[in-house]
Every structure is written in C-alpha cells, then in structure tokens.
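Okay, structure first, notes after.
Not measured: the values here are computed from a predicted model. Labels below follow one simple rule: chain letters A, B, ... track the order of the sequence lines, proteins then strands, and each chain is numbered from 1. Values below: every heavy atom of this structure, side chains too, minus hydrogens, waters and symmetry copies.
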Amino acid sequence: GRAWLSRAEPRARGGRRGEQEEEEEEEKEGEEEGRCQLYPGHIPTSPLQKALLAAGSAAMALYDPYRHDMVAVLGETTGFFVLPKLRDKMKHHPEGYRILQERPRIRLSTLDMAGLRGLPDGSLGREYVRFLEDNKVSPDTRMPPKFVDDEELAYVIQRYREVHDLMHTLLGMPTNMLGEVVVKWFEAVQTGLPMCVLGAAFGPVRLSARKLQVLATELVPWAIRSGRNASCILNIYYEQRWEQPVESLREEIGIFPPP
Amino acid sequence: LCGSVRGLAAGPEAHFGFQSVTEAERREKIYQVFESVAKKYDVMNDSMTLGIHRVWKDILVHKMNPSPGTLLLDVAGGTGDIAFRFINYVRSIRERQLQRRLKHHQNLSWQEIFESYQADKSKSLGDSQVVVCDINKEMLKVGKQKAEHLGYSEGLSWVLGDAEELPFDDDKFDVYTIAFGIRNVTRIDLALQEAYRVLKPGGRFLCLEFSHVSNPLLSRLYDLYSFQVIPVLGEVIAGDWKSYQYLVESIRRFPPQEELKAMIEDAGFLKVDYQNLNSGIVAIHSGFKL
C-alpha cells in the first residue's frame with residue numbers, strides 16, 4: 001500500500017477518511033467508470049457523461065461553429081455503434097487491413113511537404129498541398145480522440161479525421177461552410193457516423209438562400225451519388241499514392257467528377 | 001514518521017485531486033489549471049453553480065460588513081469578484097453617510113455644501129482599499145481587464161503573491177479574505193499563519209470555501225452532479241475536462257468544517273466559527289486576531 005502520512009500536513013488531507021478509505025475511493029472511482037486510460041489522452045466516461053457530452057457538444061457546435069473540438073467530441077460520443085462497423089470494413093479489405101496494422105498518421109512532421117509540392121500538377125500529393133495552402137489549413141489541427149473507449153476504434157476515428165482534408169481534395173471542395181457541408185454529406189453516406197449525418201443535416205442552417213439552392217440542386221445529389229458509388233474511403237492508403245493523379249484515384253474509388 | 005520511497009526521494013507527498021503527487025508537482029499542476037481556465041473562469045462559475053456563487057460571495061461581503069476606511073486583503077482573489085463587491089459595499093455605505101449628513105445640515109450655505117461635495121467626491125470610498133493578491137498571472141490579468149471594463153480603479157491594487165508567503169508586512173490589514181482559494185493552497189497551515197501575521201490586531205479572517213455536506217441524500221445528489229455534470233460542462237464550455245475534474249476532486253479532498261476550524265485556531269485565531277451555506281456545499285469560516 002501507499003504510505004501517505006507526512007508530518008508536514010497531518011490535517012490538510014481529507015481528514016475524515018483514513019488511508020484505507022482513500023484508496024478504496026480511488027478504486028471505486030475507477031470501477032464506476034468501468035475502465036482505465038487506454039491510450040494517451042483517453043478520458044474514461046460513464047454512459048451518462050457521454051449522453052451529456054453528446055447533447056452539450058451538439059448544442060455548442062451549432063451555437064459556435066468555430067468550436068471544432070465540439071464537433072470532434074460529438075463524433076466520439078455518438079460513434080460507438082458505427083465505429084466498430086467501420087473498423088470491420090477496414091479489417092476485411094487488404095489495404096484497410098494494412099492501415100490498421102501500420103497505423104499511419106498524416107501530420108506535418110510525417111509529410112514531406114517540399115517533396116509533395118514538387119510532384120506534377122494533378123497528382124494527389126500536389127493537389128493536397130495546394131488545398132492546404134489555398135485554404136490555409138494544416139493537418140495538425142485535428143483533435144486527438146478522448147472519449148472513445150477502445151484503442152483501435154480511437155485510431156479509426158483519428159484516421160477518419162486525418163483523411164478529411166484528402167476528402168476535400170478529392171471532392172474539390174473548399175473549407176468554407178458550403179464546402180464543409182458537401183463533404184459532410186459525402187462522409188455521412190460513406191461512414192454512417194451520426195456526427196456526419198447531423199452535420200450534413202444542420203450545417204446548411206447557416207447558409208444563404210442562394211447557396212442553399214446550389215447545395216440542394218447540384219452539390220448534395222452529386223455528393224450522395226458519389227458516396228454511394230464509392231468504395232470505403234478509409235481503405236485507401238493515401239500515403240502510398242501521392243504520385244497517383246487525382247482523377248485516376250477518383251475513378252478507382254468511384255467518386256464522380258465534381259460539378 | 002513514515003514516507004514512501006518516492007516521498008523521501010522527491011519531496012513531501014501531497015494530492016492533486018485524487019492523484020498522489022509531490023508538493024512541487026501539485027503546485028505546478030494547480031498553476032497550470034488556473035492558467036488554463038482563467039479566461040473562462042467566470043463563465044464556468046456561473047454555469048456550474050447556476051449563478052449561485054454570486055449569492056455566496058454577496059453573503060461573504062455582507063458578513064464582513066466593512067466600514068469606510070477598511071483595508072482589505074483578498075488572497076487568491078484572481079478575477080476580482082470579492083474586491084469589486086467590497087468596493088460596491090463601501091461606496092453604498094459612504095453614499096448613505098453622505099445623504100444622512102446632508103439631511104442634517106439643511107441650513108448650510110451653498111458654498112459649504114459645494115465644498116463638502118468636493119471633499120466627499122474625492123473620497124467616494126472613504127479611504128477604503130482592497131489589495132487583490134493572487135499567485136497566478138493569468139488570473140490577475142483577467143481580473144485587471146474586468147476592473148477596467150467595469151470601471152473600478154480607485155482603492156484597488158493587484159499584487160502577484162503566494163498565500164504561503166505573502167509579500168506584505170506584519171499587522172497591515174483590517175480584513176483578510178480568501179474565497180474559493182484555500183482549497184488550492186498546498187500548505188494550508190502556512191497560509192493560515194501568514195493570514196494571522198499580516199492582519200492587524202483586531203483584524204478578521206474570512207474564508208469562503210466548498211465544504212462537506214452531511215445530509216446523505218443531498219450528498220449523493222451533489223456527488224452525482226459534481227462528477228457527472230461538471231467535467232462535461234468544463235469540456236463543452238471551456239474545452240477543458242481535466243481542470244474541472246480536478247476541481248470536483250479537490251473539493252472532496254478538502255478538510256470538512258470542524259477540521260478547518262481547528263486549523264484556523266491552530267494558527268492563533270480566536271472566536272473561530274463557521275456558517276454553512278446550502279447545507280454545507282459551501283461554508284464561511286471566520287476568526288479574529290485578538
């Protein structure tokens with residue numbers, strides 16, 4: 001056991017509890033959560049906490065769309081049915097299986113930006129870097145998962161987040177509200193993640209009428225068709241395909257050319 | 001005296017919420033918590049307590065009942081809640097004094113009335129002063145910004161300092177307050193000794209802090225709310241689960257009413273007493289240096 005007593009603060013501890021009870025309290029705390037930390041950054045949560053988090057993050061994300069962390073939390077707390085299915089899809093596909101094994105990460109530290117920039121126009125690598133620069137975004141701003149209670153599923157959702165920018169590139173959509181909504185529709189059809197469905201349904205709330213029209217008549221139908229037709233986007237080892245032309249990759253996956 | 005091997009090697013044992021850490025680690029972690037929450041501190045207080053913390057602080061200042069000319073030291077005063085209430089209270093007392101005086105002096109000449117207005121205007125606080133002392137730069141920064149925004153400038157000063165080792169001379173202050181701060185002090189006994197030292201003879205010590213709920217049903221509900229809802233609020237509003245997990249754990253670790261009373265008496269204070277608010281969710285402890 002741990003020896004607690006130090007003369008320095010005989011009374012400044014939780015005085016009414018003895019050493020034994022404190023340890024029990026800590027164990028009880030752990031048991032109540034049912035789990036311990038499964039990966040760095042993991043915060044175990046009870047079902048009630050997950051429900052409150054889901055509701056709170058949904059409300060906050062609508063209230064302040066710049067709270068990307070809230071969108072991430074919403075995805076984690078509502079994804080527990082869908083994530084296992086996605087993981088299985090990956091497991092049963094040769095490329096997806098390799099991704100699960102090797103766990104590649106898309107981060108500035110792992111990408112060779114200069115090399116990618118040097119690739120020919122129209123290649124995946126070149127267009128991806130162009131997308132990052134045009135929209136002034138970086139792959140490092142993706143939140144690591146906190147509330148997913150399975151280490152492999154945490155990687156799956158992390159992969160989904162890191163691949164999101166590549167989705168923008170493949171779909172040719174910018175990072176403004178309109179572009180994000182279109183990508184969400186595509187992802188909703190592709191992954192079935194409740195967070196994508198909610199984002200797709202509620203995202204348009206903040207768009208102007210003109211944009212809504214374009215969205216409804218052209219972009220969303222195209223996104224849905226592409227999403228349905230395409231194979232699982234998580235099963236592509238993008239890091240090994242930087243030289244592949246975007247159009248060829250689109251064809252291979254089954255994404256229709258953007259309108 | 002027994003200490004774990006870790007304790008002997010790295011320093012005295014302390015706790016950070018439910019974790020076991022060294023004293024040095026605890027100070028560092030707590031500093032980081034408040035650095036992280038400073039900007040959202042007030043919003044979170046309102047959300048977690050549904051605004052009731054304002055009432056608790058009002059009660060503290062009313063209990064203090066400061067008269068104009070009082071010199072207050074507000075320790076761990078961070079964002080200034082107690083200091084601003086103190087200033088408001090003293091100002092309103094002053095105004096009432098002014099009105100009363102005017103009523104009694106109905107037959108003054110215009111010149112005399114004018115002069116008395118001039119004199120009083122420059123002393124709207126009547127020489128009362130509050131020094132806000134906090135160990136955390138971020139919290140002080142937020143406090144200063146708030147003061148500017150709300151228009152508090154007179155009779156208010158901000159000092160960076162450690163409750164366990166205050167940068168003030170002996171026997172200086174009329175009142176010492178520490179509201180929701182003593183829980184975060186690592187050596188409470190030292191902080192109490194310092195409080196005793198800097199107070200004038202006759203001075204009053206007031207501590208407002210989360211305490212222990214004895215009613216079992218209420219205690220269960222309070223625990224449920226604390227552990228299930230508050231960290232979620234922290235994540236949603238401030239994007240910071242861990243700091244608010246620390247908050248609720250540190251409340252559970254803090255000594256209950258009677259024990260704190262004994263510690264205050266140990267530091268030399270007399271007539272030590274406490275008042276429970278909301279069945280012990282919060283308590284105000286009071287003592288005098290006599």
Side-chain angles (χ1 to χ4, degrees), chain A residues 1-17 19 21-30 32-33 37 41-64 66-74 76-77 143 145-147, chain B residues 1-8 11-15 17-20 22-23 26 47 182-183 185-192 212 214 223-225 227-242 245 248-263 266:
Chain A
R2 266 169 288 190
W4 277 94
L5 291 167
S6 110
R7 215 192 260 154
E9 35 178 19
R11 290 187 202 160
R13 308 190 302 109
R16 64 169 187 191
R17 302 174 191 154
E19 175 189 324
E21 284 173 51
E22 274 175 29
E23 285 194 30
E24 275 173 21
E25 169 101 27
E26 288 191 44
E27 275 169 28
K28 191 168 71 130
E29 203 58 46
E32 264 171 39
E33 308 300 355
Q37 211 189 29
H42 179 217
I43 298 175
T45 42
S46 67
L48 175 60
Q49 284 174 323
K50 286 205 177 63
L52 291 170
L53 270 174
S57 60
M60 188 53 102
L62 275 177
Y63 174 72
D64 182 0
Y66 289 102
R67 289 290 301 273
H68 298 298
D69 61 326
M70 287 293 101
V71 178
V73 169
L74 182 61
E76 289 168 33
T77 50
M143 294 262 327
K146 294 197 281 250
F147 302 112
Chain B
L1 190 163
C2 44
S4 65
V5 170
R6 185 184 181 196
L8 285 172
E13 286 250 336
H15 50 82
F18 291 149
Q19 295 174 41
S20 161
T22 63
E23 273 188 10
R26 182 191 145 97
S47 319
I182 204 164
R183 199 180 72 252
V185 168
T186 302
R187 290 287 305 275
I188 299 180
D189 53 337
L190 292 181
L192 292 172
H212 286 250
S214 42
D223 280 353
L224 185 77
Y225 178 74
F227 283 100
Q228 298 298 317
V229 178
I230 287 183
V232 172
L233 280 176
E235 179 71 22
V236 172
I237 297 177
D240 189 348
W241 176 286
K242 298 217 151 146
Q245 181 76 28
V248 298
E249 290 178 358
S250 71
I251 293 175
R252 296 296 170 301
R253 284 306 214 108
F254 188 69
Q257 289 85 331
E258 281 296 328
E259 208 180 297
L260 184 59
K261 176 175 173 208
M263 291 170 78
D266 274 358

Looking only at heavy atoms, which two atoms of [X] and [Y] are closest? And how far apart?
X	Y	result
A:Arg67	B:Gly239	NH2-N, 3.7 Å
A:Met70	B:Glu235	CE-O, 3.2 Å
B:Ile237	A:Met60	CA-CE, 4.1 Å

Side chain to side chain contact (heavy atoms under 4.5 Å, CB included) evaluation trace for A:Val73 with B:Trp241: CA-CA 11 Å; A:Val73 169; B:Trp241 176 286; over 6 Å; no
Is chain A contacted by the side chain of B:Val185, its backbone, both, or neither, given a heavy-atom distance below 4.5 Å? neither
Counting heavy-atom pairs under 4.5 angstrom with chain A, the leader among B:Leu190, B:Val236, B:Val229 is B:Val236
Contact class of A:Phe147 relative to chain B, heavy atoms under 4.5 angstrom: side chain
Contacting moiety of A:Ile43, where chain B heavy atoms sit under 4.5 Å: side chain
